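Numbered from 1 within each chain, the chains take letters A, B, ... in sequence-line order. None of the values given here were measured: they were computed from a predicted structure.
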Number of protein chains: 2
Amino acid sequence: MTLAEKAYVSLRKDIVEGCFAPESPLRLADLSERYGMGFSPLREALNRLQAERLVTAESLRGFRVSARSLAEFEDALHARLLVETEALRLAIARGDDGWEASIVAALYALRLQARRQGGDVDELKARHHAFHRSLLVACGSDWLMDFFERLYAATERYRIPALIAAGPQKRDIDAEHGAIADAVLARDTRRAEELLRDHYLRTAVTIRSGLAPA
Amino acid sequence: MTLAEKAYVSLRKDIVEGCFAPESPLRLADLSERYGMGFSPLREALNRLQAERLVTAESLRGFRVSARSLAEFEDALHARLLVETEALRLAIARGDDGWEASIVAALYALRLQARRQGGDVDELKARHHAFHRSLLVACGSDWLMDFFERLYAATERYRIPALIAAGPQKRDIDAEHGAIADAVLARDTRRAEELLRDHYLRTAVTIRSGLAPA
DNA sequence: AATTCCATTATTTTCGAAAATTACTATTGC
DNA sequence: GCAATAGTAATTTTCGAAAATAATGGAATT
C-alpha cells in the first residue's frame, strides 16, 4: 500500500470518527507530523476526500473538515433512504445462497462483538458497517454501493457523537438488526424495507436531539 | 484557479469526451507535456477523478481511464433514473418562481445553440447539461445533485460516441426537452417523471445499439 | 524452444526546497 | 482611536530530483 493510500484511509477514519472538529483546518505541516509523511501523499488523500465531500478545499487556503449541520444530516439521511431501499429491493430480488449466508455471518459477528464487554469499539463499528453492507451487496450495482459507502460515512459522522451524548439506549438495536435480517432472508421486500427505514429513522431521532443544542 | 484545479477540469472534460480511450494508461510524463504542468497537480486531479470513478488506480502502476461496458452503462442509467426522478419530484414540490424562470432560460439557450448551424459543440453540450441540471436544482439536496453530476458525467461518456456512431436522429429531442419543461412548469409531477424517464430510456436505446458491436 | 535470471529502462511515488499566496503584526497617517 | 499599509511570518502550491517499484529485453540454463 502506498503512503497516499495509507493517508487516505487514516484521514478518512479520523474525520468520520471526529478526531478533527468539523470546519477545523487541516494544515499540511500538522498532518505531516501526525501521520509521518511528506506533503504529497497527504494532498492526494485530501483531494480524494474532497471528492467525497468529507473535506472542503478553498483555492490557496488549503483544506478543512466539512461542516456538520442538521440540514446536511437530514439531506444525507433522505438520500440514504432512497439509495438503500432501492439497493435492498434489488438485493432481495437478485441475491443467492452465498449472499444469504454472508448476512447471517455478518450478523453473527456483529452480535459477538456487541456482547463482548469492553471490546474494541473500532471493531464493533467495522462489523456494524459490514452488516449493513452485506444486506445490500447483492444488488449488483456498483453505483448504488458507491453511494451507500459515501452516505454511510457521511451519516456516521453524526451517529458516533450522538450516541456518546445520548447515553444508554432504550432501543434494542440488536433486535432491530435481527428483524431486518429475518425479513431479508425471508425475501419479504416490503417488510425489510420498512424495518430498515424505521431503523434509520430511529437513529435519526437520537441524532437530531443530540444535534439541536450544538 | 490553481494548476491542480485546471488539471482536474481539463482531464475530466477530456475523459468524458473520450479524448483518451477507455482503459488507456494515463502516464504522468504524457499528461505533464499535454497540459504543461508538473506531476503534483496532475496526481491531485487524478486522485479526485478516481474518487468519481472516472479513472481507476492500481498501486504503483498508476492511473487508467475507467473501462466502459454495457453493464456499467445499464447500472449508471438505473441509478440515474432513481436519483433524477426523486430530485425532480422534490424540485417540483419545492421550486419557486426563480427556479421556473431558470428552466425557461436554460431551455431557450439550449434551443438557440441547437439551431445554430455549425455552432460550437462544446457549448451545446454545456447547455444541454445546464438544462437538465436546472430541472433538478430546486430539489434542495446537495447529495442528490452531487450524484446527478457524477452520473451525468458517467453516462455522457457513452452518449457522445453513440450519437456520432448512430448518425442522424429520428427523435425530436428538442420537442422532448420542451415537453419535459412544460410538465415541470405545470407542476405535473407524474407526467414530468414519465417524460424524463422516457427521454433517458430513448437515449439508452441508441447507446445500447452503438455499444453492442464494440 | 522454453524458462529463469539479471541488468537496464521506464514509470510511479515520495521528498525537500522554491515559488506563490495568504494571514498576521506593527507602524504610520489621519 | 482607527483605517490603511508595509513588512514579516505562516501556509499552500508547485517543481525537480531522488527513491522505489514495475516492465522490458537479452543472455544463460535446462
Side-chain angles (χ1 to χ4, degrees), chain A residues 1-16 18-68 146 149 157, chain B residues 1-16 18-68 146 149 157:
Chain A
M1 203 196 261
T2 64
L3 281 180
E5 287 166 336
K6 286 197 190 97
Y8 169 76
V9 172
S10 307
L11 264 169
R12 190 174 202 275
K13 181 175 185 304
D14 288 345
I15 290 168
V16 170
C19 299
F20 305 108
E23 300 191 77
S24 64
L26 294 163
R27 294 229 176 70
L28 287 165
D30 299 345
L31 299 178
S32 176
E33 194 188 9
R34 178 180 178 113
Y35 298 111
M37 57 183 71
F39 289 178
S40 312
L42 288 168
R43 285 186 63 86
E44 293 189 16
L46 289 166
N47 274 285
R48 285 175 67 175
L49 293 166
Q50 184 192 0
E52 291 185 34
R53 293 168 43 104
L54 285 172
V55 314
T56 57
E58 216 177 335
S59 259
L60 297 173
R61 286 188 209 184
F63 300 87
R64 296 176 162 276
V65 180
S66 290
R68 269 195 315 225
D146 189 64
E149 296 294 348
R157 290 184 68 209
Chain B
M1 204 197 261
T2 63
L3 280 180
E5 287 166 334
K6 287 197 190 100
Y8 170 74
V9 173
S10 308
L11 264 170
R12 192 174 200 275
K13 182 175 184 304
D14 288 347
I15 289 169
V16 170
C19 298
F20 305 107
E23 300 190 78
S24 65
L26 294 163
R27 293 229 175 70
L28 287 164
D30 299 345
L31 299 178
S32 176
E33 193 188 11
R34 178 180 178 115
Y35 298 110
M37 58 183 73
F39 290 178
S40 311
L42 288 168
R43 285 187 64 87
E44 293 190 17
L46 288 166
N47 273 285
R48 285 176 68 175
L49 293 166
Q50 183 193 1
E52 291 186 33
R53 292 169 44 107
L54 285 171
V55 316
T56 57
E58 216 176 335
S59 259
L60 297 172
R61 287 190 209 182
F63 300 87
R64 296 176 164 277
V65 180
S66 290
R68 269 196 314 226
D146 189 64
E149 295 295 348
R157 290 185 68 210

Inset, instruction - Measure the distance from CE on B:Met37 to P on D:dC15 and round it to the nearest whole Å. - result: 7 Å

Inset, instruction - Identify whether the distance between the nearest side-chain nitrogen and carboxylate oxygen of B:Glu52 and B:Arg12 falls below 4.0 Å. - result: yes

Inset, instruction - Quickly work out the B:Glu5 CD to D:dT13 P distance and round it to whole Å. - result: 8 Å

Inset, instruction - Could you tell me the separation between the CG atom of B:Leu3 and the C1' atom of C:dA19, rounded to a whole number of Å? - result: 12 Å

Inset, instruction - Could you tell me the separation between the CZ atom of A:Arg64 and the P atom of C:dT22, rounded to a whole number of Å? - result: 15 Å

Legend entry - Side-chain (B:Ser24) to main-chain (B:Ala21) donor-acceptor, under 3.5 angstrom: yes

Inset, instruction - Using a 4.0 Å heavy-atom cut-off across all strands, classify A:Thr2 as base, sugar-phosphate, or nothing. - result: sugar-phosphate

Inset, instruction - Mind checking B:Leu60 for me? I need base, sugar-phosphate or nothing, with any heavy atom below 4.0 Å counting as a touch. - result: sugar-phosphate

Legend entry - Rounded interatomic separation in angstrom, taking CZ from B:Arg43 and C1' from D:dT13: 16 Å

Inset, instruction - Taking A:Ser66 for its side chain and A:Arg53 for its backbone only, find out whether a donor-acceptor pair lies under 3.5 Å. - result: yes

Inset, instruction - To the nearest Å, give me how far apart CG (B:Leu31) and C1' (C:dT11) are. - result: 12 Å

Legend entry - Length of the line joining A:Leu28:CG and C:dG16:P, which is rounded to integer Å: 14 Å

Inset, instruction - May I have the distance from A:Phe39 (atom CZ) to D:dC15 (atom C1'), rounded to whole angstrom? - result: 14 Å

Legend entry - Residue B:Arg61, side-chain heavy atoms: nucleotide from D:dA22, C:dT14, D:dT14 that is nearest: D:dA22

Legend entry - Lys/Arg-Asp/Glu bridge criterion (N-O < 4.0 Å) met for B:Arg64, B:Glu23: no

